[in-house]
2 protein chains.
Amino acid sequence: MPSRTYGQFCGLAHALELVGERWALLLVRDLIPGPKRFTDLRNGLPRIPTNVLSARLKELEGSGVIHRRVLPRPEGSIVYELTEYGRDLEDVVLALGLWGARSLGQPLPADIVTTDSLIVALRATFQPEAARRLQVCYELRLGDTVVHACIDDGTLQVGEGSVAEADLVIETGPVIRSLLAGEISPSEAIQNGSVHLTGDADLLARFVEVFHIPPGPSKPPG
Amino acid sequence: MPSRTYGQFCGLAHALELVGERWALLLVRDLIPGPKRFTDLRNGLPRIPTNVLSARLKELEGSGVIHRRVLPRPEGSIVYELTEYGRDLEDVVLALGLWGARSLGQPLPADIVTTDSLIVALRATFQPEAARRLQVCYELRLGDTVVHACIDDGTLQVGEGSVAEADLVIETGPVIRSLLAGEISPSEAIQNGSVHLTGDADLLARFVEVFHIPPGPSKPPG
DNA sequence: CTGGATCCCTCACGATACTG
DNA sequence: CAGTATCGTGAGGGATCCAG
């Protein structure tokens with residue numbers, strides 16, 4: 001019972017008491033792709049102090065958002081996973097992430113892109129309509145971060161690392177955001193060298209249709 | 001410009017840097033029904049210190065989420081309103097509020113219900129399909145907080161205060177949540193006196209169909 | 001009276017070191 | 001690997017004060 005309560009009988013206020021603390025929703029984000037160990041979560045959020053990570057995990061467990069589970073022998077290690085209630089946050093997390101992506105500028109030099117954030121970002125930007133009657137596998141490489149996205153008639157499967165038979169491998173950087181936001185065209189990106197392709201290059205046009213970020217605010221934040 | 005950054009090039013991390021600070025999303029909530037003055041916001045969130053309110057308003061304005069506007073004479077007063085970008089947060093706020101409402105327990109003695117939180121809650125719980133071919137006006141009274149909700153064939157209009165010709169006036173308390181969650185039936189609520197009706201009492205059954213909170217976690221949070 | 005700014009205190013957060 | 005312990009800092013909480 002946090003003494004630091006909003007003092008309102010309101011669903012939103014209660015939600016913010018459950019997952020509104022710093023780092024909490026980023027932990028939920030990293031648990032969306034699947035269960036994680038303490039160290040995995042730490043690696044996915046290098047700037048979180050371990051005591052804060054520990055505290056958040058306890059709070060989220062107490063709130064029924066995540067569940068702490070001890071794996072069967074011989075590993076015997078501990079994983080954290082979303083409960084059913086926690087999984088129901090997925091749509092909110094995706095929507096909020098997409099909203100934020102609309103005003104995302106250039107990354108600071110110290111900013112990183114993690115595997116889980118990229119997986120969730122692909123899910124958030126996925127346009128099922130645009131993926132109808134489409135069957136293709138992409139491999140996306142942002143620095144050391146590699147994920148694959150396989151599309152099969154309106155459905156999406158994203159995962160960590162390479163995939164056996166990608167139709168197109170996309171190697172790029174933060175410019176991927178401008179690409180998905182339609183701020184630059186695929187051909188521009190290829191020409192200025194910010195995107196390198198291996199495979200069927202024409203599939204990049206499909207990619208930016210299937211994964212899309214809506215326009216952001218006309219007056220960018222100061 | 002918070003020096004306290006998450007250090008990730010990620011839409012969600014950026015969104016949380018914009019609206020993830022304490023009180024920020026509650027301010028957005030209170031601005032959803034319409035523009036508000038500093039004092040209105042303060043009254044809607046009695047526990048927010050004025051310096052924090054001031055800081056949040058500046059940050060949200062700098063982020064392009066809200067806009068500070070000086071009303072024309074003779075009032076000359078200042079109102080804060082959501083920008084278009086800020087308005088695009090509405091669906092997220094409603095979804096997060098609905099998620100939180102599912103695990104909302106009994107209010108603490110000091111907890112309050114404000115007009116704006118109630119208006120937003122009604123919008124969040126509204127089920128357009130259940131409101132098809134329905135035309136009815138409700139007046140909802142929770143203590144001093146009075147709002148009206150008028151339904152017209154799948155559309156909803158909510159507002160502060162009474163409405164001229166309500167078909168049903170519902171006077172109740174926090175039990176309204178259990179009612180919308182289907183945890184108790186309208187007849188039960190009437191029988192035990194936790195709901196008092198004026199008008200066509202049969203319309204209460206429609207009310208709990210049109211405004212609904214999905215089931216919460218089976219294991220309630222500790 | 002509205003629309004804040006200023007002060008002081010506390011506690012959560014952040015960084016680091018350390019333990020089972 | 002999975003956390004706990006310690007300690008400094010800065011944001012949040014609460015009251016008061018000030019300008020238009």
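Reckoned from all heavy atoms, side chains included, excluding hydrogens, waters and symmetry mates. So you know, we letter chains A, B, ... as the sequences are listed, proteins then strands, and number each from 1.
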Under 3.5 Å, sequence neighbours excluded: what are the donor-acceptor pairs made by side chains of residues 26-38 of chain A?
from	atom 1	to	atom 2	distance (Å)
A/Arg29	NH1	B/Gln8	OE1	3.0
A/Arg29	NH2	B/Gln8	OE1	2.8
A/Lys36	NZ	A/Asp30	O	3.2
A/Lys36	NZ	A/Gly34	O	3.4
A/Lys36	NZ	A/Asp116	OD1	3.4
A/Arg37	NE	A/Asp40	OD2	3.3

C/dG4 phosphate, OP1 or OP2: any side-chain N/O from B/Arg68 under 4.0 angstrom? yes
Please give, in whole Å, the distance from D/dA2 P to A/Leu45 CG? 15 Å
Would you mind listing every side-chain hydrogen bond (donor to acceptor under 3.5 Å, both in side chains) that reaches into residues 163-184 of chain B, with sequence neighbours excluded? B/Arg177-B/Glu183
All side chain to side chain contact (heavy atoms under 4.5 Å, CB included) counterparts of A/Thr115, not counting sequence neighbours: A/Ile119, A/Thr145, A/Val147, A/Glu160
Residues two or more places apart in sequence or in another chain: which of them pass ring pair (Phe, Tyr, Trp, His ring centres under 6.0 Å) with B/Phe126? B/Phe211
How many Å lie between CD on A/Glu21 and C1' on C/dA12, as a whole number? 8 Å
Can you measure B/Arg22 atom CZ to C/dA12 atom C1' for me and round it to whole angstrom units? 11 Å
Could you state the CZ-C1' distance from B/Arg4 to D/dT9, rounded to the nearest angstrom? 11 Å
Close approaches to DNA chain C from residues 28-43 of chain B, in residue order (heavy atom, under 4.0 Å): B/Arg37, B/Phe38, B/Thr39
Set of residues satisfying side chain to side chain contact (heavy atoms under 4.5 Å, CB included) with respect to A/Ile78, sequence neighbours excluded: A/Arg68, A/Val70, A/Tyr80
List the residues meeting side chain to side chain donor-acceptor pair (under 3.5 Å) with B/Glu61, not counting sequence neighbours, and say none if there are none. none
Please state how far atom CD1 in B/Ile78 lies from atom P in D/dA19, giving the value in whole angstrom units. 17 Å
Would you kindly give the CZ-to-C1' distance between B/Arg69 and C/dT2, to the nearest whole Å? 17 Å
Estimate the overall bend of the helix from C/dC1-D/dG20 to C/dG20-D/dC1 from the end axes over five pairs each, rounded to 10 degrees. 30°
Output the rounded distance in Å from CG (B/Leu27) to P (C/dG3). 15 Å
Which pairs count as ring-ring contact (aromatic ring centres under 6.0 Å, His included) when at least one residue sits in residues 94-123 of chain B, sequence neighbours excluded? A/Tyr85-B/Trp99
Within residues 50-61 of chain A, those residues having any heavy atom closer than 4.0 Å to DNA chain D are A/Thr50, A/Asn51, A/Ser54, A/Lys58
Got more than 12 heavy atoms from elsewhere within 6.0 Å of CG, B/Asn192? yes
Indicate whether OP1 or OP2 belonging to C/dG4 is found under 4.0 Å from a side-chain N or O atom of B/Tyr80. yes
Please report, rounded to the nearest Å, how far the C1' atom of C/dT2 is from the CG atom of B/Leu71. 13 Å
Does B/Glu84 have more than 12 heavy atoms from other residues, nucleotides or ligands lying within 6.0 Å of its CD? no
Going by ring pair (Phe, Tyr, Trp, His ring centres under 6.0 Å), name the residues that satisfy it together with A/Phe9, two or more places apart in sequence or in a different chain. none
Can you list the residues that meet the side chain to side chain contact (heavy atoms under 4.5 Å, CB included) rule with A/Ala101, with sequence neighbours excluded? A/Ile213
